[in-house]
Asker: 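Below is the structure I would like to discuss, written out as structure tokens.
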Amino acid sequence: MTKPQMILAMQLGNGYGSQPGAWRAPGVDPSNYTDIDALVRYARSAERGKFAFLFVPDHLTPPDDLDHAPPMLTLEPMLTMAAIARETERIGFVITGSTTFNEPYNLARQFKTLDVMSHGRAGWNAVTTSEPASAANFGATIAPRPQRYQRAHETIQIVQALWGSWGAEAWIKDAESGRFADAAQVQPVNLQGEYVASRGPLPIPPSEQGQPVVFSAGGGANGLQIAGRYASGVIGATFTIEDARAQREAVRDAARRAGRDPDEVKFFAGVMPAIAPTVRKALDRRTALGEHTFPDRVAYLGSMLGLPLDLDQIDQPLTAAQLDQARPSPFDPRSPKALEVAQAGWSIRDVLAHGVIDYHPTPVGPASVTADHLQEWFEAGACDGFWISPDVYEDGVDTFVDEVVPILQERGLYHLDYEGPTLRENLGAHQQYGLDPRLAVEGS
């Protein structure tokens, strides 16, 4: 039997990196905020590492501390990925698109256009929007959760129907006979939901993978239903193997309940590696990237450990008395790791540099530490792959590709080349064009 191999993706956002101080890091041009050439460079590096796709989140509001930190996403995602698609050959693009403030026809047209432009490398991370500040950009308010998710079901179904409304064999393009297409195979969808509708058809032929691949990133029962019914990939946010394994199994159960093979849905865990020749150098790098945020995080770290912590102690380890009193918060899954790092004798600043308050695990030290983390999680059945958030794109992507990827390949955990030219092939995703016939009769 062939040894299972993990799938890797890379988060791509604001031109700097995942850490708030990345824009000030050595070698980084502060103007990368709007430099598409920089983003192309990072995408090419990820492609050199045989990453399956770039994961592009979307944030419609600036951060609270815009004085000192850039937004996590800069340019409009679809236009950005269209530009990157012209400069790459194999890497895919999974772009976040809200079902709450977009009409199905627009979503269907944009994503399928990108799919044919990129020769079958597009994916749609279909999410609902819950932030009031984002809603205000559209002159709207946030609807209750049931309505938002009902609209999401309707939107995804209509989008997929529109994708299939130009029949797979409809494009004849016979110049000699003068017949361009078989009009009988290009038909309106005429779908009317409670919240959205579309007549169609969408006059775009299939790409090399048929149509874009659907992803999901929502949580809870509503998010699981979306993932189980429609998604080929789930973008996860989890801090422990146990939690990741539970989330992955919940997604697989949702797929089973929808009548699908659970292996059709790949679960991706997030990782924010801190890579350097030594642990000390990796911590120094993270400290420099987070120096502006660390003081504000001391009190939060204290709440995670059940202790009152003072900023004056930031460069000192916890005292013996504090360690004796410390208890991980039962409400924060990151707390046990925070306590473990504190018990190792690191200063509070170094504990924070270990990424214990970040929303994904942070392996710290040489490349082998990150490789070990990925191997442990993957072989424990916690995920099917990972989305990597480099701290600084400028050197972090190449460091991961040049140092971590070869270790994974030597261990037989990661492929030596792409499985094929399309995102669907590189995910091992179920072939689909139009609505999934297994679900079409069930309604939403």
Side-chain angles (χ1 to χ4, degrees), residues 9 12 36 39-40 43-44 46-47 51-56 58 75-99 102-126 155-175 179-189 191 198-215 230-233 418-436:
L12 188 64
I36 189 64
L39 294 175
V40 167
R44 283 175 168 171
E47 187 171 64
F51 279 54
F53 60 91
L54 302 173
F55 168 54
V56 187
D58 199 7
L75 305 175
E76 198 282 325
M78 294 296 293
L79 292 174
T80 301
M81 292 303 108
I84 292 176
R86 299 293 295 170
E87 302 294 333
T88 53
E89 296 179 354
R90 287 290 182 266
I91 197 165
F93 318 100
V94 175
I95 302 169
T96 300
S98 173
T99 61
N102 288 297
E103 292 300 316
Y105 190 87
N106 289 338
L107 287 166
R109 189 185 193 194
Q110 290 170 345
F111 275 96
K112 200 174 185 188
T113 296
L114 179 63
D115 203 35
V116 298
M117 284 175 56
S118 64
H119 301 287
R121 292 186 282 148
W124 172 30
N125 180 34
T155 298
I156 295 169
Q157 290 176 22
I158 292 173
V159 165
Q160 291 189 328
L162 286 167
W163 284 343
S165 63
W166 180 290
E169 307 298 328
W171 198 8
I172 298 172
K173 51 184 174 182
D174 186 343
R179 195 167 185 211
F180 182 74
D182 180 358
Q185 296 187 52
V186 182
Q187 293 295 323
V189 298
L191 289 177
S198 181
R199 178 181 181 273
L202 181 70
I204 302 176
S207 73
E208 285 80 348
Q209 70 173 355
Q211 65 189 31
V213 180
V214 175
F215 275 65
Y230 313 110
S232 295
Y418 284 102
E419 301 300 320
T422 70
L423 175 60
R424 198 172 291 275
E425 289 173 274
N426 292 316
L427 289 173
H430 179 71
Q431 189 62 41
Q432 181 177 338
Y433 191 63
L435 284 166
D436 187 336

Asker: What distance do H119 atom NE2 and Q209 atom CD have between them, rounded to the nearest 0.5 Å?
Answerer: 12.0 Å
Asker: Side chain to side chain donor-acceptor pair (under 3.5 Å) with Q211: which residues, sequence neighbours excluded?
Answerer: none
Asker: Output the distance between atom CG (L191) and atom CD (Q160), rounded to the nearest 0.5 Å.
Answerer: 11.5 Å
Asker: Quick one: closest heavy-atom pair of L435 and Q157, and the distance?
Answerer: CD2-O, 3.3 Å
Asker: In Å and rounded to the nearest 0.5 Å, what is the CE to CD distance from M81 to E76?
Answerer: 9.5 Å
Asker: Should we say atom CD of Q187 is surrounded by more than 12 heavy atoms from elsewhere, each under 6.0 Å from it?
Answerer: yes
Asker: About how many Å separate CD of E425 and CZ of R121, when rounded to the nearest 0.5 Å?
Answerer: 12.5 Å
Asker: Test of understanding: with side chain to side chain donor-acceptor pair (under 3.5 Å), list the residues that count as partners of N426, not counting sequence neighbours.
Answerer: none
Asker: Quick check: does any side chain N or O of T96 sit under 3.5 Å from a backbone N or O of N125, one acting as donor and the other as acceptor?
Answerer: no
Asker: Provide the closest heavy-atom pair for L423 versus A52 in the form atom of the first, atom of the second, distance.
Answerer: CD1-O, 3.8 Å
Asker: Assess the residue pair F93 and F55 against the criterion (side-chain contact (heavy atoms from CB on, under 4.5 Å)); give the C-alpha distance rounded to whole Å, side-chain angles, the decisive distance to 0.1 Å, and a yes or no.
Answerer: CA-CA 6 Å; F93 318 100; F55 168 54; over 6 Å; no
Asker: Applying salt bridge (charged side-chain N to carboxylate O under 4.0 Å, His left out) as the test, list every pair that has at least one member in residues 83-96; sequence neighbours left out.
Answerer: R44-E87
Asker: Would you say that V159 contacts V214 through its side chain, given a criterion of any heavy-atom pair below 4.5 Å between the two side chains?
Answerer: no
Asker: Got a second to check how far L75's CG is from L39's CG, nearest 0.5 Å?
Answerer: 6.5 Å
Asker: Can you tell me how far the CH2 atom of W124 sits from the CD1 atom of I95, to the nearest 0.5 Å?
Answerer: 12.0 Å
Asker: Does the side-chain contact (heavy atoms from CB on, under 4.5 Å) test come out yes or no for F215 and L427, once each step is laid out?
Answerer: CA-CA 11 Å; F215 275 65; L427 289 173; 3.6 Å; yes
Asker: Go through it in stages, so that I can follow the logic: the residues are T422 and V213, the test is side-chain contact (heavy atoms from CB on, under 4.5 Å), and I'd like the CA-CA distance, side-chain angles, deciding distance and then a yes or no.
Answerer: CA-CA 10 Å; T422 70; V213 180; over 6 Å; no
Asker: According to side chain to side chain donor-acceptor pair (under 3.5 Å), who are the partners of S207, at least two apart in sequence or on a separate chain?
Answerer: D115
Asker: Give the intermediate values and the outcome of side-chain contact (heavy atoms from CB on, under 4.5 Å) for residues I36 and T80.
Answerer: CA-CA 7 Å; I36 189 64; T80 301; 3.7 Å; yes
Asker: Measure across G97 and N102 and return the closest heavy-atom pair with its distance rounded to 0.1 Å.
Answerer: C-ND2, 4.4 Å
Asker: Pair up each side-chain donor or acceptor in residues 104-114 with any protein partner under 3.5 Å, not counting sequence neighbours, and list the distances.
Answerer:
unit_1	atom_1	unit_2	atom_2	d
K112	NZ	W163	O	2.6
K112	NZ	I204	O	2.6
K112	NZ	Y433	OH	2.9
T113	OG1	R109	O	2.7

Asker: Mind listing the closest non-hydrogen atom pair of W171 and P205 along with its distance?
Answerer: CE3-CG, 3.6 Å
Asker: For I91 and A43, work out which heavy atoms get closest and say how close.
Answerer: CD1-O, 4.1 Å
Asker: Looking only at non-hydrogen atoms, find the nearest pair between P77 and V56 and report the distance.
Answerer: CB-CG1, 3.8 Å
Asker: Run the side chain to side chain donor-acceptor pair (under 3.5 Å) test against H430 and tell me which residues pass, sequence neighbours left out.
Answerer: none
